[in-house]
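Beneath this line is the structure, given in structure tokens, with notes to follow.
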Amino acid sequence: MLTMENSHRHLKSTKLPDVGRPRTRPPGEDTILSFKVSDATVKALDAEAARMTVERGPGASKVSRTEAVKVILAKWLADRSKPRQ
């Protein structure tokens with residue numbers, strides 16, 4: 001009868017880093033947002049990015065989906081911050 005020695009017996013277990021609260025970002029540091037959106041939203045963003053590219057005129061760089069999201073969000077926030085009547 002063959003006996004197999006446990007090949008992991010001599011290895012020490014590695015200590016996992018402590019998991020705690022996420023770090024606090026200093027003021028002014030950029031943050032990456034990540035969230036799921038529907039296919040229809042992606043298509044609408046692509047269409048808006050294409051319209052924004054045309055508005056820039058010939059020879060200008062193409063507007064990316066990410067840039068379109070930034071512009072749309074900034075405009076929406078500016079409109080929301082206006083005093084309401």
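Predicted, not measured: the structure shown is a model, and the values here were computed from it. FYI, side chains are in, hydrogens and waters are out, and symmetry mates aren't considered; it's all heavy atoms of this structure.
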> What are the two closest heavy atoms between Ala68 and Val63, and how far apart are they?
Replying inline: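 Taking Ala68 first and Val63 second, the nearest heavy atoms are N-CG1, 4.0 Å.
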> If you measure from CZ on Arg80 to CG on Leu73, what distance do you get to the nearest 0.5 Å?
Replying inline: 12.0 Å
Partner residues of [X] under the salt bridge (charged side-chain N to carboxylate O under 4.0 Å, His left out) criterion, sequence neighbours left out:
| X | result |
| --- | --- |
| Asp79 | Lys82 |
| Lys43 | Asp39 |
| Glu29 | Arg23, Arg25 |

> Taking only residues two or more places apart in sequence, or in another chain, which ones meet Arg56 in a side chain to side chain donor-acceptor pair (under 3.5 Å)?
Replying inline: Ser61, Glu67
>> Using a 4.5 Å cut-off between side-chain heavy atoms of Ile, Leu, Val, Met, Phe, Trp and Tyr, which other residues end up in the same hydrophobic cluster as Ile72?
In response: Leu45, Val69
>> Going by the rule side chain to side chain contact (heavy atoms under 4.5 Å, CB included), which residues pair with Val37 if we only count those two or more places apart in sequence or in a different chain?
In response: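 With sequence neighbours excluded, Val37 shows a side chain to side chain contact (heavy atoms under 4.5 Å, CB included) to Phe35, Thr41, Val42, given in chain and number order.
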